[in-house]
Amino acid sequence: MRKTDLLITRRSALKAVGGAAATGLLVRAFPTPAIAQAAPLRIGFMLPYTGTYASLAKNIDGAFRQYVEEKGGKLGGRSLEYVMVDDQAEPSKATDNMNKLVDRDKVDVVVGTVHSGVQMAMVKIARESGKLMIIPNAGADDATRSACAPNIFRTSFSNWQPCFPVGKVMAEKGHKTAMTITWKYAAGEEDVRAFKEGFGAVGGSVIGELYVPFPEVEFQSFLTQIAEKKPDAVFAFFAGGGAVKFVKDYAAAGLKKSVPLYGPGFLTDGTLQAQGEAAEGLLTTLHYADDLDNPTDKKFREGFKKKFNADADVYAVQGYDSAALLGVGLEAVKGDMKAADAMYKAMGAAKIDSPRGPLSFSASHNPIQNIYLREVKNGKNTFVKIAHANLADPGTGCKMS
Amino acid sequence: MNARLEKFDGAFLLLLAVAAAFVPFVLSGYEIKLATTITIQAGLAVALGFVVGPAGLTSVGHAAFYGVAAYILAMMSPKSGPADMLLTAAIAIFGAAAFALVVGAVSIRSRGMYFILMTIAFGQLGYHLFNDTGIGGKSDGSYVQFRPELHLFWTDVSFDKAPRFYMLVYVVVFLVVGACWWLRRSAFGSVLLAARDNEARTRAFGFSPYVVRLIAFVISGGMAGAMGYLTAAQHGFVAPQMLAWHASAFALVMVLIGGKDTTSGPAIGAILLLLAEEILQRWTEHWLVGVGLIIVVAVIAAPRGLVPFVAGLFAPKQAHHG
Amino acid sequence: MSTFFFFVQLLNAIQYALILYLVASGLTLLLGIMGVINLAHGAFYMVGAYIAFAVVQQFGNFWLTLPAGILIGLALGALIEKFLLSRLEGADHLSQVLLSFGLILLINEGQRLIFGNDPHGVEVPKILAASIPLSNTLSYPVYRLFVCAVGIVFIIAIGLIMAKSRIGMMLRASAENRDMARAMGIDVKFVYLGVTAVGIACTVLAGVIAAPLASVYPGMGDQVLIQSFVVIVLGGIGSLSGALVGSLLLGLVDAFGKQFFPNYAAFLVYAAMIAVLIVRPQGLVRSRGT
């Protein structure tokens, strides 16, 4: 008797746990694909829906859908359905997660991701499987350089792009020497290399490179070193919580007044509310600004605000343009993805009227875009001028086969 | 371990081994890849269970051995063609075992909390080694471009096809689990248990508890390395996070859910946890809540693990606990 | 490196060490007196930071965050001891490790559900918002000095309580020998409840105080957890004075490591720790509790 009792209690206990999870904790269920008349195109989002980059994932995903809705729910005559996989920004699980989309869910297109390490694992599978992949954020240079492929497109940036023009900006302000500080990881190193290339080209010299172990955020010792060496300017790359803390610490250490701080826009994007006063007046470069004021941008920002009750940012733009790029391809082949060659050709030649301004693509499928100089004013990244017009990544080592 | 539990343990293992053998014939596509991942993790959990259970060493650093072996394969893999499987596997497993020897030699001198903290520290050291210094690629990870090939005298065997790779994994994990099962019941296993339960007696019999534990730790570390090697071969990609303490803790969860005092327990824990993760992820983006609840409930309700719990259910008269 | 900047780095080291000590002391209490290993330590620190953020946002007053942090911390600790930890009594460290790992996942997801994923800043209270100029390029934020002061007061207070008061005596007795303490009429259960509550409240409070410095973001506790472990292992488990020594050592290695061996700073911390452990497996300061 006792045996069965226990078995039952255990089973019902398990059920109770399951029930609690289903009713109480389920905030948003992943939509299950409805059975459609003409098979809809399956879009697989592989994005970091949890963890540090979750807000980026949310905006990319949201703006992608916004674009599709604006086009009446269809691209190239095909309706779309979405499958989402949370990659947790975790490179060691990246292959498993990508396999879920490609093998399990049999998606037609993969849209992802944010984290460069995860991206490189995805690139490998995309190359092997030939699946169309659109990168809506991760900037790892290699994805559109040595690892480029006909079926891999990027709508965001290569790490090189926003950093290369910073040198020119500094030289225009009369700075001759600079120090760099970033996390010691691949993206940081690629950023610093691009900055040095740009700064060197205009005759500037980098007198010190500081690397903070990733993802540590204790900067005081490094700030002291900057104060000691007194460069004319500092180039910094951090993102998210690290960017918030760095900008605040930099200002609190009094360095903001004596050694001006520059960097790629990630230093002040999505973080201004948290940085507050400390970020005011900072000059950063990026392929987007909060007040570009072109008609597309206005319409996009209004739509985004209405849909999500939040302000759009550069990540949302990248998601939006990912959908636009896919639309160009599908339009060209009337929604028939089997005509892959023609589709990729059309995508490579796409001229998109993006919220960020004109957007086209280089031979290695990386964006050709304006890089803007922005200044933080009243908690917004406001447009100052075009720092570098129609900048294309060199695409070194890309051999499209 | 009492006789009943031992019987259950054996029965579960047999069941698992038979069921797993059918995978390539029943499943296809993504499911085989999922089964491959789960089988490898089951092997890792069993190897870890061997030190957590009989040796009484709660290692929160086993992912480091797993990751080091994976990195060794990545570093030894040529860009242009497949690596030699026997050679790279031997070096990877040896490397993992050597690392385990160093970690164990220092850590096993202390017990309890100190041991736990030291294994965490060594694991993080390994993580920072690959994350910060750029050895074996950058922090973004690095590739194994081609899955290693087995060179036999008469032919080269490729494992590019998922079912065949699964069979390779099956054989290796079968060997590892079998070895753990055998070791637990061998004279060596008895000495380990004795060292865990009564150190003074073990010494009196002329065994050094330190040495026996260290041997167990190194064996387990080498096995974890074999699993890391297989993971790197499966995914063709390695990243520093493979070594970090989160990964070690996750493997420990598998061990605990199934039951550390059995060989089958950790394997069952791995299967259940990974399947739960797979299912929860389809449901909700807040799936980690589910995993967290599973862990907390398991620790409180069945601290000895599922296999001893189930075995307890069939006890004729004894009070049910655990 | 000039003498002036040497002293600035020394100040950085000490200041960082005091923050580390504040953060690690709660973990030390749990480890030393209860023998409980708590991986969720960093998660509680994050809870503190988010409390600071929420309270400042609601009421606009930083000083309210301190009592709020203490109260919530005490309640959280008491609940965890009452409903979770006490059930593990007699179980091994493995259960503790996993229970606290489960808690990490739950707290992290809870944070996401309530506060979302964006990083947030907590304004430094007005009277402490200034900076003291040290050279023509560098100044020192007053709030950092305030945190130092809190750390020092905390060290003295906790040292006195442990050494001189009746509570301290009860704690030491319970840590030394649970059964003996029970026989002598000490309500060990109550002591444990108190220690867990106070230990976790300390951690939460550290998070509150660090919030204006650290800013507030998901996963911020992860770093802190590992660093606290390093501090404790260096100093000797369960010893508060050991934790102080460990914090100072880590602060020094960190500040000067970043100056002289910038590429290996993180690596150096672990190397230092392993070196200490090889020479003195029980840490630099021998503990009583374990």
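Every heavy atom of this structure was used, including side-chain atoms; hydrogens, water molecules and symmetry mates were not. So that the names make sense, note that chain A is the first sequence line, chain B the second, and so on, each numbered from 1.
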For a quick test of reading the model, state the closest non-hydrogen atom pair linking Ala274(A) to Pro119(C) and the distance between them. CB-O, 3.5 Å

Would one find more than 12 heavy atoms of other residues, nucleotides or ligands at under 6.0 Å from atom CZ of Phe260(C)? yes

Which bit of Gln223(C) comes within less than 4.5 Å of chain A, counting heavy atoms only: side chain, backbone, both or neither? side chain

For Asn61(C), does the CG atom sit with more than 12 other heavy atoms under 6.0 Å from it, leaving out its own atoms? yes

Counting heavy-atom pairs under 4.5 angstrom with chain A, the leader among Phe4(C), Phe53(C), Phe5(C) is Phe5(C)

For Ser55(A), is it the side chain, the backbone, both, or neither that has a heavy atom closer than 4.5 Å to a heavy atom of chain C? both

Return the OG1 to OH distance between Thr224(A) and Tyr140(C), rounded to the nearest 0.5 Å. 6.5 Å

Is the number of heavy atoms from other residues, nucleotides or ligands under 6.0 Å of Lys82(C) NZ greater than 12? no

Less than 4.0 angstrom from a charged side-chain N to a carboxylate O is my criterion; do Lys58(A) and Asp118(C) meet it? no

Is it the side chain or the backbone of Asn136(C) that comes within 4.5 Å of chain A heavy atoms, both, or neither? both

Separation of Ser139(C) OG from Lys257(A) NZ (nearest 0.5 Å): 5.5 Å

Can you check whether Phe219(A)'s main-chain N or O pairs, donor with acceptor, with Lys258(C)'s side chain at less than 3.5 Å? no

Report, by ascending residue number, the residues of residues 8-22 of chain C in heavy-atom contact with chain A at a distance under 4.5 Å; give 'none' if the set is empty. Val8(C), Gln9(C), Asn12(C), Gln15(C), Tyr16(C)

Of the listed residues (Pro213(A), Ala227(A), Gly254(A)), which shares the most heavy-atom pairs with chain C below a 4.5 Å separation? Ala227(A)

Given the rule in the side chain to side chain contact (heavy atoms under 4.5 Å, CB included) test, do Tyr217(C) and Val217(A) qualify, once you have shown the distances and angles that lead to the verdict? CA-CA 12 Å; Tyr217(C) 51 95; Val217(A) 290; 3.4 Å; yes

Measuring from Glu277(A):CD to Glu123(C):CD, what's the distance to the nearest 0.5 Å? 8.5 Å

Note: vs chain A, highest number of non-hydrogen pairs under 4.5 angstrom among Glu109(C), Gln111(C), Arg112(C) is Arg112(C)

Residue Leu255(A) versus chain C: region with a heavy atom under 4.5 Å: both

Are the side chains of Gln220(A) and Leu213(C) in contact, using a 4.5 Å heavy-atom criterion? no

Under 4.5 Å from any heavy atom of chain C, what part of Tyr211(A) do you find: side chain, backbone, both or neither? both

Residue among Lys245(A), Gln273(A), Glu228(A), Glu216(A) with most heavy-atom pairs under 4.5 Å to chain C: Glu228(A)

Could you look at Pro133(C) and say if it's the side chain, the backbone, both or neither that has a heavy atom under 4.5 Å from chain A? neither

Counting neighbours of NZ on Lys176(A) that are heavy atoms of other residues, nucleotides or ligands and sit closer than 6.0 Å, is the number greater than 12? no

Examine whether an atom of Val124(C) lies under 4.5 Å from a heavy atom of chain A, and if so say whether it belongs to the side chain, the backbone or both; otherwise answer neither. neither

Short question: side chain of Ser131(C), backbone of Ala252(A) - any donor-acceptor pair under 3.5 Å? yes

